[in-house]
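The block underneath contains the structure these notes are about, expressed in structure tokens.
Chain letters run A, B, ... following the sequence lines, proteins first, then strands; residues in each count from 1.
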Amino acid sequence: MDFFLEVLTGGLLAGVMYSLVAIGFVLIYKASGVFNFAQGAMVLFAALTFVSLVERGVPFWGAFALTLAAMVALALLIERAVLRPLVNRSPITLFMATLGLSYVIEGAAQALWGAQVHGLDLGIADEPLELGGMLLSQFDLFAAGTAALLVALLSFLFNRTRLGLSLRAVADDALGALAVGIRLPRIWAVVWAVAGFVGLVAGLLWGARLGVQFSLSLVVLKALPVLIIGGFTSMTGAIVGGLIVGAGEKLAEVYLGPLVGGGIENWFPYALALLFLLVRPAGLFGERAIERV
Amino acid sequence: MTEISSPLLRLEGISLSFKGVKAISDISFDVARGRITALIGPNGAGKSSLLNVINGVYRPQAGRIVFDGEVRRRMDPHRAAVRGIARTFQNIALFKGMSVLDNVLTGRNLKRRSSWLEQALRIGRAPAEDDAQRRRAEEVIAFLHLQPWRHTLVSKLPYGLQKRVELARALAAEPKLLLLDEPMAGMNAEEKREMSRFVADVNREFGTTVVLIEHDIGVVMNLSDHVVVLDYGRKIGDGPPDEVRRNPEVIAAYLGTRH
């Protein structure tokens, strides 16, 4: 039983890392109905910029602020150069645009900072910590705490301010939002900037774990099953989805793995996501699209 | 005095085309303060395009617009809303995933002055402002008899009520000019009577100037003080309802003979 709990907790904590990436997707999907393929590239861009600044002797918070400024500038640029010209186009067009965008951002990041692998030390030892009889990774606990803080901050921002209401309005009906005086370009810029901020946090944590390198942008692929399970339109969904994926893959590896010869951790989330697509296509917390026929 | 007697909206020689296709050519007319002006004409006459020009969705290639004594230069829907132009749409553009109250509250969005930080932390101007906005929204809801559905999701409401919620959202902004694009389309006679009454009430109670597009000629003649008739993007009639009704060109284009 203790072993089970330990595996479960370890999995849940690892899942938080997936949630962190998934939240960035949810933000943009909610505001524009687009699956932003470039989110992974933004994670890479943020992590690479941060680590390169630190290596050039900029102190932690200075590098954090500068990187954040860079992400906001990137968001403004994307709104102006990509989203505005494509206004009123179909979601698939926008999706293709973000696909292209991801290559541009990845390329720009590497042209700017080079393609070598960087180590990133956040000053948190990745050592196991004994807690209530369980061995837990100190780093995972830190990541989970950071994610919780981030989610609290975002829900504060979106549930209480005018921005939140505007965001929901834009997501529901862009034409109506324009008519009540909501500035679409500004909302898009804000959402992309916030997604950039989330990308920065995710980039730091993932970068510290895996090293800052090109493959960081592939964490997108881990976010996909999280989104399918939790639903594309819900922040809560992104968190619960992440926890399910994290716990699911660890438990499956430990308990089902031996039966099929192991190595199932990598594909189990996708199999689970497929199952969800069959049973509950909108995900656990996603909005079911209702259409009149 | 000039404030009162000058028209709220004046269109001068407005022309609009999409990639060479003329939608509106050289249209001029005045919208008097505190009156209801109806815009009528067959389908494709350019009525909706004209509303879109007035609230800044489309930019006309030629012409001048004077709103509230000021010549308009650059315009987009946001600026139009700030200057006091609210509207509804032919195919309801409500926020389907929100309650009636939240929809109406979005109409109050521009009236808020507190910063997002104050709002997030519920400090400073934010709490009092929240109460005030909610009170105003509730007043509009009461005025349009929508109280029973305050917390109902808009998507769950029947079509006629959705139309009324859209009117409520527009009204919540306390507009100077209210643009209604076919507010009674698809309604039965009873619903139409009700909606006409609401529009007339809004106009009388708040002195709101209304420009509406409507196909039901009976409704138009009863409700409006002034009628502008469009056909193929041109203006073919402009005057009080009775006069327009007798205009032979209007009868030919709209009421009777086919093109």
With a 6.0 Å cut-off (strictly less than), is the heavy-atom count around [atom1] of [X], excluding the residue itself, greater than 12?
{"X": "B:R125", "atom1": "CZ", "answer": "yes"}
{"X": "B:F198", "atom1": "CZ", "answer": "yes"}
{"X": "B:R83", "atom1": "CZ", "answer": "yes"}
{"X": "A:R186", "atom1": "CZ", "answer": "no"}

- Task: Return the minimal non-hydrogen interatomic distance between B:K96 and A:D172, and the atom names on each side.
- Result: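 Nearest heavy atoms, B:K96 then A:D172: N-OD2, 3.0 Å.
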
What distance do [X] atom [atom1] and [Y] atom [atom2] have between them, rounded to the nearest 0.5 Å?
{"X": "B:L110", "Y": "A:R183", "atom1": "CG", "atom2": "CZ", "value": "8.0 Å"}
{"X": "A:L175", "Y": "B:R87", "atom1": "CG", "atom2": "CZ", "value": "7.0 Å"}
{"X": "B:F89", "Y": "A:L178", "atom1": "CZ", "atom2": "CG", "value": "7.5 Å"}
{"X": "A:D173", "Y": "B:T106", "atom1": "CG", "atom2": "OG1", "value": "10.5 Å"}

- Message: Please classify the contact between A:A177 and chain B as side chain, backbone, both or neither, with a heavy-atom cut-off of under 4.5 Å.
- Response: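 Both backbone and side chain.
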
- Task: Report yes or no: does B:H78 contribute a side-chain atom to a donor-acceptor pair with the main-chain N or O of A:G181 at less than 3.5 Å?
- Result: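 Checking the backbone N and O of A:G181 against the side chain of B:H78, a donor-acceptor pair under 3.5 Å is found.
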
- Query: Partners of A:K30 by side chain to side chain contact (heavy atoms under 4.5 Å, CB included), sequence neighbours excluded?
  - Reply: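 Scan of A:K30 (side chain to side chain contact (heavy atoms under 4.5 Å, CB included), adjacent residues dropped) gives A:V26, A:T233.
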
- Message: Between B:D76, B:I92, B:D102, B:V57, who has the most heavy-atom pairs with chain A when the cutoff is under 4.5 Å?
- Response: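 Top option by heavy-atom pairs under 4.5 Å: B:D102.
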
